Amino acid sequence: MPVLLEEFVAYRDLREFVAKLEKEGELKRVRAEVDPVLEITEVVERLGREAIPQGLKPSSSRESNVGAKAPTPNGLGPALLFEKPKGSRVPLLINAFGSVRRMCLGFEVSELSEVAERIQGFLKMETPQGLFDKIKMLPKLAELGSFFPKSVNKGDCQEVVRQGKDVNLNDFPILKCWPQDGGRFITFPLVFTKNPETEKRNVGMYRMQVYDERTTGMHWQTQKHGAEHFRRARAANPEGRIPVSVAIGTDPATALAGMLPIPPDLDEMMFAGFLRREPVELVKCQTNELEVPANSEIVLEGYVNLNEMRTEGPFGDHTGFYSLEGEYPVFHVECVTQRRDPIYLTTVVGPPPQEDYYMGYAVERIFLPVMRMQYPEIVDVSMPAEGIFHNLMIVAIRKSYPGHARKIMNAIWSLGQAMFTKVVVVVDHDVDIHNHSEVVWKALCALDPERDVQFSLGPMDTLDHAARMQDFGSKMGIDATRKWTSEGFTRPWPDEIRMDEGTKKRVEGLWKTLGIN
Ligand SMILES: Cc1cc2nc3c(=O)[nH]c(=O)nc-3n(C[C@H](O)[C@H](O)[C@H](O)COP(=O)(O)O)c2cc1C
Ligand SMILES: [Mn+2]
């Protein structure tokens with residue numbers, strides 16, 4: 001077993017994480033009044049602009065890329081706790097996960113690969129079947145470490161309860177992020193629903209546009225699990241409604257579980273328990289049957305009508321462009337429960353890199369071993385920030401047979417949310433894929449475009465504004481591996497230029513005598 005469970009004490013809640021960040025010099029308090037309408041975004045942007053050139057510097061390592069680390073992103077500056085957001089008495093936390101270090105602090109590991117190793121350790125316990133079987137084995141891990149969520153009777157998230165007319169979302173410092181945004185958006189929610197057929201819980205992070213004191217949009221995109229729950233319930237009873245609850249601000253592992261690309265009907269709260277190495281405590285909502293993390297700062301309880309849609313957006317998105325208006329379901333808030341002194345957790349998405357790049361990077365590192373269990377030929381993957389997750393995935397493989405690179409492209413397009421990947425570039429195992437200059441150089445050198453580019457059609461990210469239709473379009477795979485005789489390439493493939501060690505050593509010995517520097 002790679003990790004001793006006793007070594008860890010999970011964060012109780014968000015404020016314990018805030019205290020940790022502060023202790024580690026990773027958080028700044030802003031005592032001046034700043035407006036959640038645009039100004040907070042600009043403060044965060046400014047931090048990012050100052051930090052980026054360093055933050056995204058690629059590793060220059062030319063050594064083995066197996067188990068390669070982060071492109072040493074130092075992040076986008078510190079986490080910020082705005083103590084006096086204009087127009088609200090609730091402090092606002094942002095950029096809490098805006099660096100690899102803070103992601104590690106969130107998961108209580110010194111490197112993200114430790115999380116990956118824990119998963120790998122568990123996955124190795126049984127004969128591999130399919131990828132999904134493996135992920136579904138996670139409940140078995142729960143038997144080992146009892147990571148299943150625990151129901152409790154009381155939660156700090158219910159210290160204050162407001163219902164009906166007392167509900168007012170304007171109590172909270174909800175951001176309007178960008179000038180052309182359709183309004184204020186809750187950007188870091190955990191949206192709880194139940195599969196109406198299996199009763200299984202889902203938790204997704206879906207942004208919510210505030211329409212008025214008690215109504216928001218519910219932007220679950222069509223391929224997401226919340227949207228599937230909605231469709232199934234509507235098919236059974238088009239005039240009905242489904243209960244929905246939204247938790248804002250929990251301990252870090254739980255807060256991040258909402259964005260994890262795990263299979264349908266696998267409980268994100270169980271996965272959160274696995275990540276934090278302690279079960280998530282859930283408390284029953286006051287006005288509907290759902291359960292939410294007892295340690296939440298704020299909970300919105302309510303329902304979504306199955307026959308009601310409303311225009312949502314535009315919204316300055318993680319593509320760096322505004323996603324256009326669209327028709328989405330509407331969330332009616334019937335009850336707000338909260339702590340006496342809640343912290344409002346939020347984030348800004350926008351031109352890359354933003355805080356969500358670091359969240360996505362953690363997902364990339366954590367799920368690599370899961371991919372490698374099914375496809376051991378995959379040595380490593382990299383999703384550059386500029387590729388905004390779904391536009392570009394670089395995959396290094398140990399190539400074993402003709403057409404191997406194309407098999408991997410098709411694998412990526414069939415793998416959970418990796419199905420959205422617009423461009424897959426497959427390179428040989430000896431390319432340092434975290435060094436994007438090296439990838440551009442070597443991939444282009446390995447290419448005969450007509451021969452090596454392959455197109456496919458399938459589901460696309462809703463946010464892809466260039467696709468021929470919303471949610472459907474083409475993908476491109478680039479086989480940038482060395483071509484083999486067995487693939488029809490008959491000329492010899494040249495060696496890469498490298499100086500020999502003897503000469504390097506001799507010049508090293510001579511260096512000082514050369515008078516160059
Ligand atoms: C900051 C942030 C905002 C997001 N906003 C949305 C959103 O508005 N709609 C959506 O469908 N997915 C959004 N996502 C991605 C989902 O959270 C992610 O795809 C998740 O796996 C969905 O959960 P599900 O697989 O249970 O549906 C967002 C992710 C992050 C990190
Ligand atoms: Mn899910």
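Everything quoted here is computed from the prediction, not taken from an experiment. Just follow the structure's listing: the first ligand is 1, and inside any ligand the first atom is 1.
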(request) Would you mind naming the N, O or S atom of Glu268 nearest to the Mn ion (ligand 2)? (result) OE2
(request) Give the name of the N/O/S atom in His225 that lies closest to the Mn ion (ligand 2). (result) ND1
Is there any N or O on [X] that sits under 3.5 Å from an N or O of ligand 1?
X: Met259; result: yes
X: Met359; result: no
X: His225; result: yes

Answer with yes or no whether the side chains of [Y] and [X] bring together a donor and an acceptor at under 3.5 Å.
X: Thr198; Y: Asp265; result: yes
X: Thr347; Y: Thr187; result: no
X: Glu301; Y: Thr287; result: yes

(message) I need the atoms of ligand 1 closer than 4.0 Å to a non-hydrogen atom of Thr347, numbered in the order shown.
(response) 1 (C)
(message) So if I count the atoms of ligand 1 from 1 in the order they appear, which ones are less than 4.0 Å from some heavy atom of Gly204?
(response) 23 (O)
Short N-O contact, [X] and [Y], less than 4.0 angstrom:
X: Glu228; Y: Arg232; answer: yes
X: Glu24; Y: Arg101; answer: yes
X: Glu111; Y: Arg365; answer: no
X: Glu22; Y: Arg29; answer: yes
X: Lys475; Y: Asp464; answer: no

(message) Classify the ring geometry of Phe315 against Phe185: parallel below 30°, tilted from 30° to 60°, perpendicular beyond 60°.
(response) tilted
(request) Kindly assign one of parallel, tilted or perpendicular to the pair Phe17 and Phe97, based on the angle between their ring planes and the thresholds 30° and 60°. (result) parallel
Among all protein heavy atoms in this structure, tell me which lies nearest to [atom], with the distance rounded to 0.1 Å.
atom: atom 15 (C) of ligand 1; value: Lys224 NZ, 3.7 Å
atom: atom 27 (O) of ligand 1; value: Tyr206 OH, 2.6 Å
atom: atom 19 (O) of ligand 1; value: Gln417 OE1, 2.8 Å
atom: atom 3 (C) of ligand 1; value: Thr187 O, 4.2 Å
atom: atom 30 (C) of ligand 1; value: Met205 SD, 3.6 Å
atom: atom 9 (N) of ligand 1; value: His219 O, 2.6 Å
atom: atom 11 (O) of ligand 1; value: Gln221 N, 3.0 Å

Does only the side chain of [X] get under 4.0 Å from ligand 1, or the backbone, or both, or neither? Count heavy atoms.
X: Glu268; result: side chain
X: Leu260; result: backbone
X: Glu355; result: neither

(request) Carefully, step by step, assess Arg15 and Glu297 under the rule salt bridge (charged side-chain N to carboxylate O under 4.0 Å, His left out). (result) CA-CA 9 Å; Arg15 54 198 59 208; Glu297 298 290 322; 2.5 Å; yes
(request) Look at atom 20 (C) of ligand 1 and find which of Pro263, Gly258, Pro261, Pro264 reaches it with the closest heavy atom. (result) Gly258
(message) Counting the benzene-type ring for Trp, do Tyr303 and His332 have ring centres under 6.0 Å apart?
(response) yes
(message) In this structure, does ligand 1 have an atom that sits under 4.0 Å from one of the heavy atoms of Val203?
(response) yes
